[in-house]
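Only this structure's heavy atoms are used, side chains among them; waters, hydrogens and symmetry mates stay out.
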Amino acid sequence: MCLELLLFVSFIFTATIFKDNFELTVPSNAKIGHIITKLGCLEDDISIIPEGSPLDEQLFSKLFSIESGNLVVKSDISLYEGTYFLVSAFSNNNCFSNVGNKRTFGIFIKNSKDYMQLEKRIYHGVIPKSYKPGLLVEGLESLVGLINSDAQISCDIHGDSSNLFELVSSGIKLISKLPIESKALYFSLQCTNGKGHGHAGIHITVADDNHGNSLPQFRNSLSQKTNVAVQQDNLIQSFDQQSHRRVRRQAVTRTLSVLEDKTDILTLESPQPGVTTLLWSISSDDTGTFIVNNLGKVSVKPGKKLDYDFGPRNYNIQVQVKSSDGQQVLKTYLVDISVNDVNDEAPQITNHPIPYQAAVETVSSIGTLVYQLSAYDPDTTADVKFYLDAPNDNFDVEPNTGWIKTKKTLSNSNSFVVRAYAQDTAATGAEQKSPIVTVTVYTGNLKPQFNETAYQAKVQETNQADQTFDTLSLDGNISLVYAINFQKKLGGTTTYTVLDGTSISDKFKIDNDGKGVMLTSLNYETDPKTFSLTIQAEDSYSQLKSTVPLTVFLEDKNEFDPTFTLSTYTARVPEDLAIGQSILTVTANDEDLNSVLSFWVSEPLFRVVSLSSNEGQLQVNSTLDYDRQTSHRYEFDIYVKDNGVPSRTSQAKVLIDLTNVNDEKPQFQDDNMVTTIKDNIASGTDVYLVQAVDPDGDKVTYSFENNANVKDIFQINGQTGQITVQGSVPPNIDQYNLKIWATDDGSCCTASRPNQRQESTVTVNIVDAVNTKPSFTDCSSYRPKVLENEAAGTSVFTVSATDNNRGDNGVVEYFAVTDSQTVYFTINQTTGEVTTVMSLDRESFGSRYLFFTVRAVDKGQPPGDDYCTFPITIDDKNDNNPEFGAAQYAGNVLKTAVANTVVMTVKATDKDIGINADVTYTKAVDTEYFNIDTNTGVITYWWQRL
């Protein structure tokens, strides 16, 4: 790949890269569109003319052009290896302040083997604005690697900003103070390795000092404006734009050649064959020419086409394949596409000037050469021939050379018309012909024909007598004055005369080389600004003449510095003057005519707004402050600059005295006003001294916000700010937030303004004078109950201990005393609620009472505590069946027994207590002979014989 110097597009101003006699090397295999250098100007602002003959100019215009401010290769230069152009760049409008009117440099087309390809097209560095000479530019590590990679490599820096730096083995060192207004510096790097030469650009961004230690992040932000991908050892190293994490992943290279008429390029292999939901994208394509579908097929984008003749001949694109969710890069392809020529362009006749004219002697022999056609066809396989549009009795055209010649001896006719065209005979399919052109052949003598229909020129008032200047075509390109002499073969020569009306001009002439010449110096302030003249060309053989208009524009030389009408401007304004308010008007004069002046100041609190071409209004740009200016005055410089080339600048002093305005609120001396008092503090005791200072110098008084509750307890001395207690402190309040007003008296200033006041808060914390311990005042009355068999966590009772202290001293927490039935009960540390730990079975305890002990602890220092032990009654639940004393009872009854005879007594018991333990008896089987007492269990014989 050949080295190309890219234009860095950003918000940063860049400088031109070349200076006088600097040589730029172009490899002979450079593609069309190859950028040779950036010029610092757009097409309308700059023109480039090679030194030498008109043929040199014609060849240069054929090979190179200016596009988007860059000098680029326009056509195939491989046939012109070894050609050297010494060219001058002319800035019409002086583009930028550091681009001169004229710059000279060389362009050398060399064999690609003699061309040293550098690693980068542009090396980017960063330097803080406050950098001192002797420090190295940051971010040029790759340049350091280049310089030290080979002992045979030697490099130099060139360009308008290069004088600020020195190239050393450790990088680029600042050797001079940076210009004040610099935002970016740009110059050229030229290197040789003993075999060839190469060049690249060095772009140094001047960072504001407020970037501080964030220069690495600042460099990262710059790198995000460029394509941050490089190929190394078949690996892609890219930077995550969000996290700046370096990611390494394998890249697959595909290289292919396609004809320029193709639209389908290739289909890439999917990393997951058969999956159609993968996300394919063109992740890098500088030209925006290609698209890829979800199957990996790369095609030319609709509306775009490949063009070997007038477009890039090589494309390097990057295709990325991500997972369906877009979170993972599965594969990256580097695709190198070479475009091959298709014979698809028609030839074009390139003769000049128009109309095409020729002259022959009145009696001309057969085969006399009359006029030679020339044509251009960009196709590499083109074979251009010339033909007549229709048979001609008098003329023929030689197909290979384009010469129109006579077929017979011509009669003494006035003129003949020959119609011809060029055709590419190698083209297949449709014929490729140029438009038909007409050549008019005159017999006898013919007046000279100029190569332009009109000329114009720009001269400066500094031009001296005999100084040459270039003439321009109407489209602004340099075009030497030249007229075809049709009698040249007969010994005719052309003489050029500049006419002012009907008289020969005494100010301008045209020399034999077609250049304009000054006959006298001019003065922009007194001479006309535009000269409307005529150029006359006269043939010495026939004395025939022709004329074209010449317009000469006189340009002003910026000879005089603009000057202020006063050396010092003064004003007195109130410090609260609103932003945008006018302070004073400045006037400056410039003896150069038509100058437009611009103004600015060195103090950012102010600005200057232009009122006319030489007047400016000084305005407030930011808030002014009498109190923070020691002298109560702003002193700064005001500058004026004209729009000349180069511009001229002068300055004056500005003194702005401020008058004080009561615009400042009093400022409390302490931002955190906190104090602590005891609850038994005596009335009249000082609590806190509030102090505030007014920046305006006013006297400050103090007051409470209108709060009756606060005033009942505290009072503040309005003159001193002393806060004292004037009553007893309530027992239920632990803290007061006293809202304080500090108010100035406005005595600083004569102007009547409202008093200024500021609010703040004094926090008064109240603590106990005596630290008492908590107390279970109702402990003896605690008789809680809980039903047996209830679930764990059942609430039993809530204890409460009182503590009359304030704040943390009065905060009580509760704890169960170990071994006091803690296996059965627990207590909430904050609320004192006692709950069961498990389900309780009354019958398993020896007693229906369980004694539980709790401890209450406050947060005082040292902490106080109290204990309380109380019984918890486990209430019975009817959860047991009665049980008989024996499994079986037996008894006897006599036959002679009478009714109600007692047979036996059965006995059953129940583990429950109370009514839950009461037992009643019934017969399990009904019988008419016996009865049982439900309460006592006595069984009697009750059957009575009849």
Check your understanding: Going by distance alone, is a donor N or O of one side chain under 3.5 Å from an acceptor N or O of the other, for E833 and T798?
Key -> no

Exercise for review: Inspect the surroundings of NZ in K301 and state if more than 12 heavy atoms from other residues, nucleotides or ligands are less than 6.0 Å away.
Suggested key: yes

Review point. Under the criterion side chain to side chain contact (heavy atoms under 4.5 Å, CB included), which of L689, I716, V687 is the partner of Q722?
Key: L689

Practice item. Taking atom types as modelled, find out whether K739 and T761 have a side-chain donor-acceptor pair closer than 3.5 angstrom. Key: yes

Point to revise | Between S775 and T777: side-chain donor-acceptor atoms closer than 3.5 Å | key: no

Practice item. Give the C-alpha distance, both sets of side-chain angles, the deciding distance and a yes or no for ring pair (Phe, Tyr, Trp, His ring centres under 6.0 Å) between Y824 and F845. Key: CA-CA 12 Å; Y824 304 119; F845 300 123; 5.2 Å; yes

Check your understanding: At what distance, to the nearest 0.5 angstrom, does CD1 of I874 lie from OG of S844?
Key -> 9.0 Å

**Study point:** Stepwise ring pair (Phe, Tyr, Trp, His ring centres under 6.0 Å) check, F851 with F870
**Key:** CA-CA 6 Å; F851 287 88; F870 52 90; 9.1 Å; no

Practice item. Considering only NZ, NE, NH1 and NH2 on the basic side and carboxylate oxygens on the acidic side, decide whether K773 and D866 come within less than 4.0 Å. Key: no

Exercise for review: Indicate whether the side chain of N880 and that of D910 have a donor and an acceptor atom separated by less than 3.5 Å.
Suggested key: no

Check your understanding: Should the heavy atoms of other residues, nucleotides or ligands under 6.0 Å from CD of E759 be counted, would the total exceed 12?
Key -> yes

Review point. Going by distance alone, is a donor N or O of one side chain under 3.5 Å from an acceptor N or O of the other, for N755 and T743?
Key: no

Check your understanding: Is it true that a side-chain atom of N828 and a backbone atom of T831 form a donor plus acceptor pair closer than 3.5 Å?
Key -> yes

Review point. Can a donor-acceptor pair be found between the side chains of K699 and Q719 at a distance below 3.5 Å?
Key: yes

Practice item. Run the salt-bridge test on D679 and R806 with the 4.0 Å N-O cut-off and return the result as yes or no. Key: yes

Point to revise | V762 and V690, any side-chain heavy atoms less than 4.5 Å apart | key: yes

Point to revise | Residues F825, I872; criterion side-chain contact (heavy atoms from CB on, under 4.5 Å); working and verdict | key: CA-CA 10 Å; F825 303 101; I872 300 175; 3.8 Å; yes

List, one per line, each side-chain donor-acceptor pair under 3.5 Å for residues 787-794, sequence neighbours excluded.
unit_1: E788; atom_1: OE1; unit_2: R842; atom_2: N; d: 2.8
unit_1: E788; atom_1: OE2; unit_2: K877; atom_2: N; d: 2.8
unit_1: N789; atom_1: ND2; unit_2: D879; atom_2: OD2; d: 3.0
unit_1: T794; atom_1: OG1; unit_2: A791; atom_2: O; d: 2.5

Review point. Any chance the side chains of D286 and S284 put a donor and an acceptor closer than 3.5 Å?
Key: no

Review point. Hey, mind stepping through T276 and L295 against side-chain contact (heavy atoms from CB on, under 4.5 Å) and telling me if it holds?
Key: CA-CA 7 Å; T276 59; L295 298 178; 4.1 Å; yes

Check your understanding: Are the side chain of D285 and the backbone N or O of T289 linked by a donor-acceptor pair below 3.5 Å?
Key -> yes

Check your understanding: Can a donor-acceptor pair be found between the side chains of T940 and N900 at a distance below 3.5 Å?
Key -> no

Point to revise | Ring geometry between Y333 and W280 (parallel below 30°, tilted from 30 to 60°, perpendicular above 60°) | key: parallel

Point to revise | Heavy-atom side-chain contact between V764 and Y688 under 4.5 Å | key: no

Review point. Does a donor on one side chain and an acceptor on the other come within less than 3.5 Å for Q669 and Q691?
Key: no

Point to revise | Residue pair N809, D858: steps toward the side-chain contact (heavy atoms from CB on, under 4.5 Å) verdict | key: CA-CA 6 Å; N809 285 353; D858 66 19; 5.6 Å; no

Practice item. Mark yes or no for whether S270, through its side chain, and Q272, through its backbone, hold a donor-acceptor pair below 3.5 Å. Key: yes

**Study point:** Atom NZ of K923 with >12 non-hydrogen neighbours under 6.0 angstrom
**Key:** yes

Review point. Are more than 12 heavy atoms from other residues, nucleotides or ligands located less than 6.0 Å from atom CG of D325?
Key: yes

Point to revise | For the student: nearest non-hydrogen atoms of A856 and A801, plus distance | key: CB-CB, 3.5 Å

Check your understanding: With a 3.5 Å cut-off and no angle check, do the side chains of Q756 and D744 form a donor-acceptor pair?
Key -> no

Check your understanding: Which residues satisfy the side chain to side chain contact (heavy atoms under 4.5 Å, CB included) test with R783, sequence neighbours excluded?
Key -> P871

Exercise for review: Apply the test ring pair (Phe, Tyr, Trp, His ring centres under 6.0 Å) to residues F290 and Y315: give CA-CA distance (whole Å), side-chain angles for both, the deciding distance (0.1 Å), then the verdict.
Suggested key: CA-CA 10 Å; F290 301 95; Y315 296 89; 5.1 Å; yes

